[in-house]
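Okay, so here's the structure we're looking at.
Note that the structure is predicted; figures quoted are calculated from it, not measured. Below, read A as the first sequence line, B as the second, and so on, with proteins coming before strands; counting in each chain starts at 1.
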There are 12 protein chains.
Amino acid sequence: MRIFVLNGPNLNMLGKRDPAQYGSQTWDDIAQLLIKTFPAHQFAFFQSNHEGEIIEQLHELVHQPEAEGFIGNFGGYTHTSVAIRDALDMLKIPKIEVHLSNIHAREAFRHTSLTAAVCNGLISGFGAQSYVLGVRALEEIHKSNKG
Amino acid sequence: MRIFVLNGPNLNMLGKRDPAQYGSQTWDDIAQLLIKTFPAHQFAFFQSNHEGEIIEQLHELVHQPEAEGFIGNFGGYTHTSVAIRDALDMLKIPKIEVHLSNIHAREAFRHTSLTAAVCNGLISGFGAQSYVLGVRALEEIHKSNKG
Amino acid sequence: MRIFVLNGPNLNMLGKRDPAQYGSQTWDDIAQLLIKTFPAHQFAFFQSNHEGEIIEQLHELVHQPEAEGFIGNFGGYTHTSVAIRDALDMLKIPKIEVHLSNIHAREAFRHTSLTAAVCNGLISGFGAQSYVLGVRALEEIHKSNKG
Amino acid sequence: MRIFVLNGPNLNMLGKRDPAQYGSQTWDDIAQLLIKTFPAHQFAFFQSNHEGEIIEQLHELVHQPEAEGFIGNFGGYTHTSVAIRDALDMLKIPKIEVHLSNIHAREAFRHTSLTAAVCNGLISGFGAQSYVLGVRALEEIHKSNKG
Amino acid sequence: MRIFVLNGPNLNMLGKRDPAQYGSQTWDDIAQLLIKTFPAHQFAFFQSNHEGEIIEQLHELVHQPEAEGFIGNFGGYTHTSVAIRDALDMLKIPKIEVHLSNIHAREAFRHTSLTAAVCNGLISGFGAQSYVLGVRALEEIHKSNKG
Amino acid sequence: MRIFVLNGPNLNMLGKRDPAQYGSQTWDDIAQLLIKTFPAHQFAFFQSNHEGEIIEQLHELVHQPEAEGFIGNFGGYTHTSVAIRDALDMLKIPKIEVHLSNIHAREAFRHTSLTAAVCNGLISGFGAQSYVLGVRALEEIHKSNKG
Amino acid sequence: MRIFVLNGPNLNMLGKRDPAQYGSQTWDDIAQLLIKTFPAHQFAFFQSNHEGEIIEQLHELVHQPEAEGFIGNFGGYTHTSVAIRDALDMLKIPKIEVHLSNIHAREAFRHTSLTAAVCNGLISGFGAQSYVLGVRALEEIHKSNKG
Amino acid sequence: MRIFVLNGPNLNMLGKRDPAQYGSQTWDDIAQLLIKTFPAHQFAFFQSNHEGEIIEQLHELVHQPEAEGFIGNFGGYTHTSVAIRDALDMLKIPKIEVHLSNIHAREAFRHTSLTAAVCNGLISGFGAQSYVLGVRALEEIHKSNKG
Amino acid sequence: MRIFVLNGPNLNMLGKRDPAQYGSQTWDDIAQLLIKTFPAHQFAFFQSNHEGEIIEQLHELVHQPEAEGFIGNFGGYTHTSVAIRDALDMLKIPKIEVHLSNIHAREAFRHTSLTAAVCNGLISGFGAQSYVLGVRALEEIHKSNKG
Amino acid sequence: MRIFVLNGPNLNMLGKRDPAQYGSQTWDDIAQLLIKTFPAHQFAFFQSNHEGEIIEQLHELVHQPEAEGFIGNFGGYTHTSVAIRDALDMLKIPKIEVHLSNIHAREAFRHTSLTAAVCNGLISGFGAQSYVLGVRALEEIHKSNKG
Amino acid sequence: MRIFVLNGPNLNMLGKRDPAQYGSQTWDDIAQLLIKTFPAHQFAFFQSNHEGEIIEQLHELVHQPEAEGFIGNFGGYTHTSVAIRDALDMLKIPKIEVHLSNIHAREAFRHTSLTAAVCNGLISGFGAQSYVLGVRALEEIHKSNKG
Amino acid sequence: MRIFVLNGPNLNMLGKRDPAQYGSQTWDDIAQLLIKTFPAHQFAFFQSNHEGEIIEQLHELVHQPEAEGFIGNFGGYTHTSVAIRDALDMLKIPKIEVHLSNIHAREAFRHTSLTAAVCNGLISGFGAQSYVLGVRALEEIHKSNKG
């Protein structure tokens, strides 16, 4: 399976962010973990701190949908971006929203997700494993779509 | 009249978005429609998915105000961007906010417009014709300013 | 096209209302403007300050739908009348809500529209031209329905 | 028993309204149903789309209270009219509020009833049978008042 | 002074309404009280249960402003009518809103007044005397405008 | 018709509860009233103060749907139980929600019903007769389903 | 009649406050106006900027109720003081709340009155005449209590 | 690893519930899926529709914590039960909240989770796979706790 | 005096719960404390994690009111249970609500009590002593009822 | 133990306040009750209607903390005073908030307590006995601090 | 420049308050810091815990405006006092609101400031330096007013 | 000290924006003012209208923290950007939020600051001097950190 992993703002800074919320691994560590854990899949990784770039990356996926699965962590834009939600809504492959921290156990303004409503599901609170679980979720959606 | 048409996020994707809300025309179709409908006007078209680029385009219009009329569809930023509102507020030419879909007939978070409050008026729900009507509105404001 | 134009409360008083919000034209001026601007269309004009009369006029249009397009400015009832919304919802011809003033730039209680949600679209803030633009919107809906 | 049945806005349009919510019977069908179902009762029927006429009809019932029971469906005014509530509050005979559709299963602005709070009870969601049940409720209140 | 006294819905029913809130006097009693208390003034009385008629009466006052003072009790419309507020806003003579009962000591939905915001002031809670005090308030505004 | 009547918390205590709200009849009185009033129907009665038992009783009805009609009074759970709503939603026979007292005329926290939204309709405020009316409502739904 | 007039915070500053809201008269002017207008009454005047002193003055009135009428303008405490409301609630003579400015036409935080709910009524928006009208209101309450 | 899987109200009804939200598998299908997918783990399954039984099962786990991981789907209690949250808070093994449907894409009252705030994380929207992913999450937490 | 002490969900787990909020005593410790502190009273203790059992225990007390005083700690149900409130409202002996922790100093969802509104009073924040104080409160109510 | 008892606004008026809420005892009765009930303790009593004096009395207690326990009834300031909360927060001896009436059973604006959040606990609804229970609570906190 | 520094409730207690929020300096330390830092200015210091005294001090400044600059820290009254806001609004010299702690980083009820809206600006979060910065702000306003 | 000054959207337009809110100086004027006022400090200036660029500039500061102080004016993003808040939270040098206008005296949507909660403090309302004061605040934090 070709899987596109999109990270939003501040996720390039893993390792520098509050380890109580985000763990001490860097994004490279997580990317390597995905690659090693799933040697049979092809990963494309994308990170941007720009709302506009995230939107345009989503557009590209709509146009050239080689990717068969999508994992997105929209960071702080999760809670505020109608524009990303609109872009995401156009993408018709299986989509998983992931978060490193448990967004329901933090400040009230992090309890809502504008973007999760147009994804297949949400995985939140497992650190790097949220991504691993996201891939497994895609595998299963894939299987059941085929079945 | 020189008319500046600014489109916000996801409007480059017309034709790919939910046709029930946005119609099946592409943005090029709409641009052509404007040019053909109004051969006497000069149009400048600008689209960006980036909040910052939209703001800067508005700044440019403030500095070099050749444009005599402005039509803006701020997409998902309509409902969330104080920064675009602030930029728009500086622009002193006639300004029309347009939407392809009828924003009052959709999700509650689309019923408010931060940006319409600093425009002359709002046209919402007529698909490509929202833009055509926007130009006609500019013509009339122009006429009445002259008169 | 036969077009029905319905005005709600206080719109018979144009010319006497705050010109900063409503302009200095009377309703007759606006009606004449429509007739002159669109000699090919037949207009029926109706104004009432009574919620009940507005509802009944809408019923009549449902029963004898000679009109092929509807333009409504429900004035103060826009923001409060479930009953007009229910009547309007029965009318199956193209419907445009118009406002002389920009309702999003006024008091908070004018930002919501119960009635716009059951119209094709909304045009707000262009004075008398809101009606003219409303007719143009009807022309285009008509054309595209035929096409 | 003499029973007064008051219908508010848009209820004269039954048969034309969305049958998924309101059924396909006309008001005459419902009136006939009541008359046939309850040959021993005398019915007076009143419909108005005017808030003011509804209020004045309620006043008349207060002055000449031949009616021994009241059934009211205030349509869209149910949710917005303090003035009808005030008039209804003066009427001291048994009062039943009825709705054809289940108001709790529709838009949020239909979940509240200003008028039900000053009635004996509420029957909502049974189409024409809401009226029949309303009469039966009156019969029972009558009986228990006598008992 | 010529004084116009406008009563809204249910005020024709005084004497029949809950005396704990509204006293036991009829409207005629109150009208006579005004006439006797102020023999030097000319009173015009108007009552309507129809929002539309109230609006139109206000329009008439705008057109033929013989009245030099206005006293209005908008009853249940006080709390819900944007349309009456809009009509009232056009009337440029001194305007007093009165209420028989103390609206701040009743249900929460009676604590707000859409109409008082466009009057000179509010007098609430003194039964028939609210009207008498309203006239006295007009006398004083009159005097101070002359002075 | 086989009719299942489900009562929620505190309804086994009728006769002991505030008679101003709930009347002075016991539940046995009401059950007898139903049996006598409708000798042609077969009634099954169930009462539980346990949210879980109510849910499980609803499950049983889903599995063995001999019942052709359902009447439910969920007592205090009406306003708070998402879990009962979910169970009720699975039951595909006609469902009537009933209340002894007029829930719209009591404390604000009783004005909402989570469960009524997944029933055919609601009958509230007629004491024991709410149940009788509920059965009549079922009869009519039955008839119209057959017709 | 002995009348107690209580002024709350900032009312000793009349003449210095924004004349658009409060007029240009000083409090002495208003006191003299009351004394001249009502030579038959005895006035006691009290002003304090201290919530506690206002409360204690109210206590004193409870203990030695020579005063037969009370006029209170609680200034900014009107909208925030539960403690003054509690004190005022103990005072069993006729009580009138007055305001110089029309509190319903100002900032939203001035639209509510905690104290008016335990007074006979409210007079707001007539400048110094609010006090004069307050005394007239007391006269009438007095008369009707005697009658 | 010994893993305890707790299901709340209505989850015994899988296969009967709306397949668009919950899929068409029964709970036994899901349990078998877990057992087959993870032959190395020992599973204990528990389902209850009773809030109290869920609480007491959580207590038992606190007392005899053989389980090394916990997966909970609290169904409708997720959104309303402070009492389950309090019980869950005492359990000090890794805890994962799972949902078959995507709770953020359903009714507003399902967007909040009282219980997720005291779990390690949340997995929502993947049907039966939400449980499989939950086990994988436990495996990883286990590993990292050991590491 | 015969005193009934009812504990709601999770209170059987004292000693295992967060000692910062609930102290380190077990419920047996607290029960012994009550028995030793008040040798002259007879205590009946009841604990349940089931909302329904709590309701039914309250019913039993209504039927056989040997108890002369009631102390209830409804745990997490305090904040959500209309059904327990309804049951409690039927019990006509003195009723004290107690909490081990200070509910006003914890999460916002614990600041409200549906049940305290139908008790004589509330004691919150004193650990085991909240119960002791509850008994003393009952003694005093008893005395004053006799006196 | 030296115990400081602070009473806020209107508590000097006990005996004059609504006996349904506050009982018929005066404050002297309550003070005597405390002295007689607890001959082994030394009481200092302080009452003020002034927010500022209450704050300063709290400051004095901070400076010269002879008192070993504090009982406070902040009357109407309980619900509105951030300033008293800030002063109270500095006082590091055991603190009990008491109320004569059951604040949860009165108007909604009395349900919240800004001050209880910085006390050890709250006792509300037992009339004079709330103070007695407050002393007993202090005794127990004292004992357990020593133990 | 003559500068008036007004401190509200609890600011006389600096040194005793939570040093994490307020630092460990006393008010005298801060006053000395101001005097030493700005030898060219004349300072008048005023502290009161009484809302009324603060109001009256503001009145005095209005009457005898020797002061050319005002620095105010209204402590807990910042968030609740309409009366202080009204007094402050009359003072026409430059006004700076200061806070020792960062009010936006504390409890939600401290995020709003009623008083800052009628000051020139706000400085919050710098401990004693908030005052020093306040003086510097006054110097600059002074300069620019002269320039 | 090396000081980094970050300006957000529209701050490059100073001189063109509403001078009543923002003054008539350009940003270059302000930068020169800072350089001249503080010759001993080294300033780095950065302005961006792009949320993403602001985030990335903050990241760079985290990586290469030569700057010893940070001054940020996030313009319209102040009120809406969770993503900037998250980036800012990683930066561990002293941080001051500044605003040219007094945000508490403008529209309600400008009264909240998501970003100020993770800064040391806020300075708002002093035009260009807000920046100068920000530098002085940094100097003092620096001094006290050293001391």
Of I:P94, I:G125, I:A116, I:A137, the largest count of non-hydrogen pairs under 4.5 angstrom with chain J goes to I:A137
Given I:L114, I:I103, I:V98, I:L133, the one with more heavy-atom pairs under 4.5 angstrom with chain J than any other is I:L133
Here the gap from I:S113 atom OG to I:F74 atom CZ, rounded to the nearest 0.5 Å, amounts to 8.5 Å
Quick check: does any side chain N or O of I:H104 sit under 3.5 Å from a backbone N or O of J:A117, one acting as donor and the other as acceptor? no
| Would you say the side-chain atoms of I:E68 pair up with the backbone N or O of I:R2, donor to acceptor, closer than 3.5 Å? | yes
Where does the angle between the aromatic ring planes of J:H41 and J:F43 fall among parallel (under 30°), tilted (30 to 60°) and perpendicular (over 60°)?
perpendicular
Note: vs chain I, highest number of non-hydrogen pairs under 4.5 angstrom among J:N102, J:L122, J:V132 is J:L122
